[in-house]
Visitor: 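Below are the structure tokens for one structure; questions will follow.
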Amino acid sequence: SIDAQFAGMKRAAGWYGLTEAALAPRVIDLPPVTVGDFIARGNSAINHQDYRASLADFDRALAIDPKSALAYANRGIAHYWLQEFDPAKSDFDKAAELNPLEPVAFRGHGLIALNAGDYQAAVEAFTQSINYDPKNTFGFNFRSLAYQNLREADKAIADLEASLRLAPNQPALYARRANLYALIMQGDKALADADRAVAFDGSNAFAHFARGRAFWLLHRNDEAQAEFDRSIELKPEVDTYLMRAGLNFDHPDKALADFK
């Protein structure tokens, strides 16, 4: 599902920063003092999904400098992941007012548009974020999701390729690209990417789902069945049950159980 892919990208190494190193525990020798210190620590907390701690640090940054567009923009990102969409949008708007070229504000407006289902507006916002910060994977990762929703698979794949060139060790993105290849019926490429995703993270349900789809496309149904079984074992999802049911039309009892 799109929701599963969205969540997977939140967890992907480098989804917010440039590399997996951004996810490593951050050692701080001295307490943060400057605006930049608090923003850096807040971003580290975001990368570890400690959003309340990140909000506290961005608040401290803004107490020092109420005109910091970067602090507002990053605080908006934290609000967004907490599903606090109104304060998120308010912070993104304030950041853009203070600095119309702030790339994090463009990313934030892209997320708001994506959540609202305005995928073309999301593409435009993420494109702006890429223009002003072309070495950050965030814009590529989420623009690809907007393109996918617009049914522009080739553009979505191209964005994932750009992101993986910047930060190759992102299993969630290999799984996403595998599913996109499956959508355009390129089974061999889908399987190659799914294999990479599983090799990086064998406990990722979405990676096993992607490999199951690839095997299904290649008419390797027993292997597809095993991958869907593993995916459901790790995390039951409606899409996976439906795919497995499709494999079992010759066994009505099994198919019916999955439809239930």
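No hydrogens, no waters, no symmetry mates; every other heavy atom, side chains included, goes into these values. Keep in mind that what you see is a predicted model, and the values were worked out from it rather than measured.
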Visitor: Identify, with sequence neighbours excluded, every residue that meets side-chain hydrogen bond (donor to acceptor under 3.5 Å, both in side chains) alongside Arg165.
Guide: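 Listed in chain order: nothing, the list is empty.
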Visitor: Measure the NE2-OG distance between His79 and Ser90 for me, rounded to the nearest 0.5 Å.
Guide: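 Result: 8.5 Å between the selected atoms.
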Visitor: Under the 3.5 angstrom rule, does the side chain of Ser144 hit a backbone N or O of Asn141 as a donor-acceptor pair?
Guide: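 Indeed, once roles are kept as given, a pair shorter than 3.5 Å links the two residues.
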Visitor: Between His109 and Asp93, does any side-chain donor sit less than 3.5 Å from a side-chain acceptor?
Guide: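 Judged by distance alone, the side chains do pair up.
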Visitor: Between Val33 and Val35, is there a shared hydrophobic cluster once you connect ILVMFWY residues whose side-chain heavy atoms come closer than 4.5 Å?
Guide: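 No, separate clusters.
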Visitor: Return the set of residues passing side-chain hydrogen bond (donor to acceptor under 3.5 Å, both in side chains) with Lys67 (not counting sequence neighbours), or none when no residue passes.
Guide: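 Expected list: none.
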Visitor: Please identify each residue that fulfils side chain to side chain contact (heavy atoms under 4.5 Å, CB included) with Glu227, with sequence neighbours left out.
Guide: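 In terms of side chain to side chain contact (heavy atoms under 4.5 Å, CB included), with neighbours along the sequence ignored, Glu227 is linked to His208, Arg211, Phe215.
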Visitor: What are the two closest non-hydrogen atoms of Ala88 and Gly76, and how far apart are they?
Guide: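 Nearest heavy atoms, Ala88 then Gly76: CB-O, 3.4 Å.
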Visitor: Strictly by ring pair (Phe, Tyr, Trp, His ring centres under 6.0 Å), give each pair with a member in residues 143-187 just once, sequence neighbours left out.
Guide: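 Counting only pairs at least two positions apart or across chains, the ring pair (Phe, Tyr, Trp, His ring centres under 6.0 Å) contacts touching residues 143-187 are Tyr174-Phe200.
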Visitor: For the aromatic rings, using the six-membered ring if either is Trp, is the centroid distance between Tyr80 and Phe85 under 6.0 Å?
Guide: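 Ring centres of Phe85 and Tyr80 closer than 6.0 Å.
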Visitor: With a 4.5 Å limit on heavy-atom distance, are the side chains of Leu180 and Leu160 in contact?
Guide: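 Yes - at least one pair of side-chain heavy atoms lies under 4.5 Å apart.
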Visitor: Is Phe206 linked to Leu234 within one hydrophobic cluster, defined over Ile, Leu, Val, Met, Phe, Trp and Tyr using a side-chain heavy-atom separation of less than 4.5 Å?
Guide: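 The answer is no; the residues belong to distinct hydrophobic clusters.
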Visitor: Return yes if a side-chain donor-acceptor contact under 3.5 Å exists between Gln148 and Arg176, otherwise no.
Guide: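 Short answer, yes.
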Visitor: Do Asp229 and Gln225 get their side chains close enough for a donor-acceptor pair, meaning under 3.5 Å?
Guide: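 Yes.
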Visitor: Going by heavy atoms in the side chains, are Leu242 and Val238 under 4.5 Å from each other?
Guide: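 The answer is yes; the side chains approach within 4.5 Å.
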Visitor: Once rounded to the nearest 0.5 Å, what's the spacing between atom CD1 of Ile184 and atom NZ of Lys189?
Guide: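 Between Ile184 CD1 and Lys189 NZ, I get 7.0 Å after rounding to 0.5 Å.
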Visitor: Check side chain to side chain contact (heavy atoms under 4.5 Å, CB included) between Arg151 and all other residues, then give those that pass, not counting sequence neighbours.
Guide: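 Arg151 satisfies side chain to side chain contact (heavy atoms under 4.5 Å, CB included) with no residue once adjacent residues are dropped.
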Visitor: Backbone N or O of Ala175 within a donor-acceptor pair of the Asn179 side chain at under 3.5 Å?
Guide: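 Checking the backbone N and O of Ala175 against the side chain of Asn179, a donor-acceptor pair under 3.5 Å is found.
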Visitor: Hydrophobic side-chain clustering at under 4.5 Å (ILVMFWY, transitive links): who's grouped with Leu98? Put none if nobody.
Guide: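 Grouped by the 4.5 Å side-chain rule, Leu62, Tyr72 form the rest of the cluster around Leu98.
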Visitor: When hydrophobic residues are tied together by side-chain contacts of less than 4.5 Å, even through go-betweens, does Phe142 share a cluster with Leu82?
Guide: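 Yes, Phe142 and Leu82 fall within the same hydrophobic cluster.
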Visitor: Do Phe209 and Met243 come close enough that some side-chain heavy atom pair is under 4.5 Å?
Guide: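 Touching, per the 4.5 Å side-chain cut-off.
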Visitor: Do the side chains of Asn74 and Phe38 get nearer than 4.5 Å, heavy atoms only?
Guide: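 They are not in side-chain contact.
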Visitor: For residues Ala122 and Ala113, report the shortest heavy-atom separation together with the two atoms involved.
Guide: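 Between these two residues, the closest heavy atoms are N-CB, 3.6 Å.
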Visitor: Can you check side-chain contact (heavy atoms from CB on, under 4.5 Å) on Leu145 and Asn149, steps first, answer last?
Guide: CA-CA 6 Å; Leu145 196 57; Asn149 279 277; 4.1 Å; yes
Visitor: For residues Tyr119 and Phe92: do they belong to one hydrophobic cluster (side chain heavy atoms under 4.5 Å, members Ile, Leu, Val, Met, Phe, Trp, Tyr)?
Guide: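 The answer is yes; both residues are in one hydrophobic cluster.
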Visitor: Between Gly187 and Ala214, which heavy-atom pair has the shortest distance, and what is it?
Guide: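 Shortest heavy-atom separation between Gly187 and Ala214 comes out as O-CB, 4.1 Å.
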Visitor: Mind checking what makes side chain to side chain contact (heavy atoms under 4.5 Å, CB included) contact with Leu218, not counting sequence neighbours?
Guide: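 Leu218: side chain to side chain contact (heavy atoms under 4.5 Å, CB included) contacts with Asp188, Leu191, Arg220.
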Visitor: List the atom of Ser129, the atom of Gly139, and the distance in Å for their closest heavy-atom pair.
Guide: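 Smallest interatomic distance, heavy atoms only, reads OG-CA, 3.7 Å.
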Visitor: How close do Phe140 and Ser163 get, heavy atom to heavy atom, and via which atoms?
Guide: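 Closest approach of Phe140 to Ser163, heavy atoms only: CB-CB, 4.0 Å.
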Visitor: Hey, does the side chain of Asn47 reach the backbone of Ser44 with a donor-acceptor pair shorter than 3.5 angstrom?
Guide: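 No.
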Visitor: Could you grab the distance from atom CG of Leu247 to atom CH2 of Trp216, nearest 0.5 Å is fine?
Guide: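 Result: 8.5 Å between the selected atoms.
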Visitor: Determine, stepwise, if the pair Phe138 / Phe126 fulfils side-chain contact (heavy atoms from CB on, under 4.5 Å).
Guide: CA-CA 8 Å; Phe138 191 111; Phe126 291 131; 4.0 Å; yes
Visitor: Does any non-hydrogen side-chain atom of Ile39 lie less than 4.5 Å from one of Asp57?
Guide: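 No, their side chains stay 4.5 Å or more apart.
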Visitor: Could you list the residues that satisfy side chain to side chain contact (heavy atoms under 4.5 Å, CB included) with Thr127, not counting sequence neighbours?
Guide: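 Scan of Thr127 (side chain to side chain contact (heavy atoms under 4.5 Å, CB included), adjacent residues dropped) gives Val123, Asn131, Arg143.
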Visitor: Would you say the side chain of Pro236 lies within less than 4.5 Å of the side chain of Tyr241, judging by non-hydrogen atoms?
Guide: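 Yes - at least one pair of side-chain heavy atoms lies under 4.5 Å apart.
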Visitor: Under a single-linkage definition using a 4.5 Å side-chain heavy-atom cutoff for Ile, Leu, Val, Met, Phe, Trp and Tyr, are Leu173 and Leu183 assigned to the same hydrophobic cluster?
Guide: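 Per the 4.5 Å side-chain linkage, Leu173 and Leu183 are co-clustered.
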Visitor: In sequence, state the C-alpha distance, the side-chain angles, and the governing distance for Ile77 and Val104, and then conclude on side-chain contact (heavy atoms from CB on, under 4.5 Å).
Guide: CA-CA 8 Å; Ile77 296 288; Val104 181; 4.0 Å; yes
Visitor: Please identify each residue that fulfils side-chain hydrogen bond (donor to acceptor under 3.5 Å, both in side chains) with Glu152, with sequence neighbours left out.
Guide: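 Glu152 satisfies side-chain hydrogen bond (donor to acceptor under 3.5 Å, both in side chains) with Lys155 only.
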Visitor: If every non-hydrogen atom of Ala194 is compared with every non-hydrogen atom of Ala210, which pair is closest and at what distance?
Guide: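 Looks like CB-C, 3.9 Å.
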Visitor: Between Tyr51 and Ile46, does the side-chain contact (heavy atoms from CB on, under 4.5 Å) criterion hold? Intermediate values first, please.
Guide: CA-CA 5 Å; Tyr51 305 122; Ile46 286 181; 4.2 Å; yes
Visitor: Tell me every residue that passes side-chain hydrogen bond (donor to acceptor under 3.5 Å, both in side chains) with Glu233, counting only those two or more places apart in sequence or in another chain.
Guide: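 For Glu233 the side-chain hydrogen bond (donor to acceptor under 3.5 Å, both in side chains) partners, ignoring immediate neighbours, are Arg230.
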Visitor: Can you list the residues that meet the salt bridge (charged side-chain N to carboxylate O under 4.0 Å, His left out) rule with Asp91, with sequence neighbours excluded?
Guide: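 Arg75.
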Visitor: Test question: given the 4.5 Å side-chain rule for I, L, V, M, F, W and Y, name all other residues clustered with Phe106, or answer none.
Guide: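 For the cluster that includes Phe106, the remaining residues are Leu101, Tyr132.
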Visitor: Measure the NZ-OG distance between Lys94 and Ser68 for me, rounded to the nearest 0.5 Å.
Guide: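 Here the interatomic distance stands at 11.5 Å.
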Visitor: Kindly compute the distance separating CD1 (Ile232) from CZ (Arg244), expressed to the nearest 0.5 Å.
Guide: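 One finds 3.5 Å between CD1 of Ile232 and CZ of Arg244.
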Visitor: With no hydrogens and no angle check, do the side chains of Ser231 and Glu237 hold a donor and an acceptor under 3.5 Å apart?
Guide: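 No, no side-chain donor-acceptor contact under 3.5 Å.
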Visitor: Can you tell me how far CG of Asn136 sits from CG of Asp133, rounded to the nearest 0.5 angstrom?
Guide: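 Reported to 0.5 Å precision, the distance equals 4.5 Å.
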